[in-house]
S.K.: 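Can you read through this structure? Questions will come right after.
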Amino acid sequence: MAKSSATKDAQALFHSLRSAYAATPMNLKIIDLYVIFAISTALIQVVYMAIVGSFPFNSFLSGVLSCIGTAVLAVCLRIQVNKENKEFKDLPPERAFADFVLCNLVLHLVIMNFLG
């Protein structure tokens, strides 16, 4: 009996999350897909390193840190672009995107420097 109650609660939670996410604007959904892509790319690199080995360890670290750093910057962009967030109400979306691009440029310059 406890299983059916837990299943109903899980289904209700899933349904409420799905209906709330359906109201999310399209630009935030695109940023979410980008974050999922960056994290999945990092996971693929970790699995590849576990299977094949980590001989050029700097390359492995650079790839994973680049993916994770890009995902973190994209989450920051999502926070700044979200209209419901009152903290960044005066920040125009163009400025937030320019910050995202500039920070990505600095991140990847550091990653390229780390590669050697």
Side-chain angles (χ1 to χ4, degrees):
M1 187 153 151
K3 265 188 174 178
S4 65
S5 174
T7 304
K8 287 179 184 178
D9 289 343
Q11 287 176 349
L13 177 66
F14 182 71
H15 180 68
S16 66
L17 287 174
R18 189 173 186 184
S19 62
Y21 194 71
T24 303
M26 185 58 75
N27 60 349
L28 296 180
K29 288 180 181 179
I30 291 171
I31 294 173
D32 290 343
L33 284 175
Y34 182 71
V35 170
I36 291 170
F37 173 74
I39 296 297
S40 63
T41 304
L43 290 175
I44 289 170
Q45 289 178 9
V46 169
V47 169
Y48 179 81
M49 189 266 319
I51 293 172
V52 176
S54 65
F55 167 62
F57 196 64
N58 285 353
S59 299
F60 165 70
L61 282 180
S62 295
V64 171
L65 292 177
S66 173
C67 291
I68 292 174
T70 301
V72 168
L73 291 174
V75 168
C76 293
L77 174 68
R78 188 188 194 284
I79 291 170
Q80 291 176 358
V81 172
N82 192 357
K83 299 283 185 204
E84 295 177 5
N85 193 353
K86 304 295 182 202
E87 194 170 330
F88 296 102
K89 187 177 182 181
D90 297 332
L91 184 71
E94 294 83 10
R95 167 71 192 271
F97 185 71
D99 290 345
F100 171 73
V101 170
L102 182 66
C103 290
N104 258 317
L105 181 66
V106 170
L107 171 71
H108 285 91
L109 286 174
V110 169
I111 294 295
M112 292 300 274
N113 188 29
F114 184 70
L115 275 174

S.K.: If you group Ile, Leu, Val, Met, Phe, Trp and Tyr by side-chain heavy-atom gaps below 4.5 Å, do V101 and L28 land in one group?
M.R.: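 Same hydrophobic cluster.
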
S.K.: List the atom of T41, the atom of F37, and the distance in Å for their closest heavy-atom pair.
M.R.: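 Residues T41 and F37, closest heavy atoms: OG1-O, 2.7 Å.
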
S.K.: Is the shortest side-chain heavy-atom distance between V110 and F114 below 4.5 Å?
M.R.: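 The answer is no, as the side chains (C-beta and beyond) never meet within the 4.5 Å cut-off.
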
S.K.: Run the side-chain donor-acceptor check on residues 61-81: report pairs under 3.5 Å with partners two or more places apart or on a different chain.
M.R.:
{"residue": "S62", "atom": "OG", "partner": "N58", "partner atom": "O", "Å": "2.8"}
{"residue": "S66", "atom": "OG", "partner": "H108", "partner atom": "NE2", "Å": "3.0"}
{"residue": "T70", "atom": "OG1", "partner": "S66", "partner atom": "O", "Å": "2.7"}
{"residue": "R78", "atom": "NE", "partner": "D32", "partner atom": "OD1", "Å": "2.6"}
{"residue": "R78", "atom": "NE", "partner": "D32", "partner atom": "OD2", "Å": "3.4"}
{"residue": "R78", "atom": "NH2", "partner": "D32", "partner atom": "OD2", "Å": "3.3"}

S.K.: Check for me, please, whether I30 and F97 land in the same ILVMFWY cluster - side-chain distances under 4.5 Å, paths through other members count.
M.R.: no

S.K.: Are there over 12 heavy-atom neighbours, none belonging to K83, within less than 6.0 Å of that residue's NZ?
M.R.: no

S.K.: Can you tell me how far apart OG (S59) and CD (Q45) are? Round to the nearest 0.5 Å.
M.R.: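 CD of Q45 is found 10.0 Å from OG of S59.
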
S.K.: Residues two or more places apart in sequence or in another chain: which of them pass ring-ring contact (aromatic ring centres under 6.0 Å, His included) with F100?
M.R.: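 Partners of F100 by the ring-ring contact (aromatic ring centres under 6.0 Å, His included) criterion come out as none, since no residue qualifies.
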
S.K.: Ring centres under 6.0 Å, that's the criterion: do F57 and F60 meet it?
M.R.: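 Yes, close enough.
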
S.K.: Starting at CD1 of I31, measure out to OG1 of T24 and round the result to the nearest 0.5 Å.
M.R.: 11.5 Å

S.K.: Name all pairs fulfilling the salt bridge (charged side-chain N to carboxylate O under 4.0 Å, His left out) condition that reach into residues 91-112, sequence neighbours left out, sorted by first residue then second.
M.R.: R95-D99

S.K.: If you count heavy atoms of other groups shown closer than 6.0 angstrom to OH of Y21, is the number above 12?
M.R.: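 Yes, enclosed.
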
S.K.: Same cluster or not: are L109 and V106 linked, directly or through other Ile, Leu, Val, Met, Phe, Trp or Tyr residues, by side-chain heavy atoms under 4.5 angstrom apart?
M.R.: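 Hydrophobic grouping puts L109 apart from V106.
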
S.K.: Hey, could you give me the CG/NZ distance between L91 and K89, rounded to the nearest 0.5 Å?
M.R.: 13.5 Å

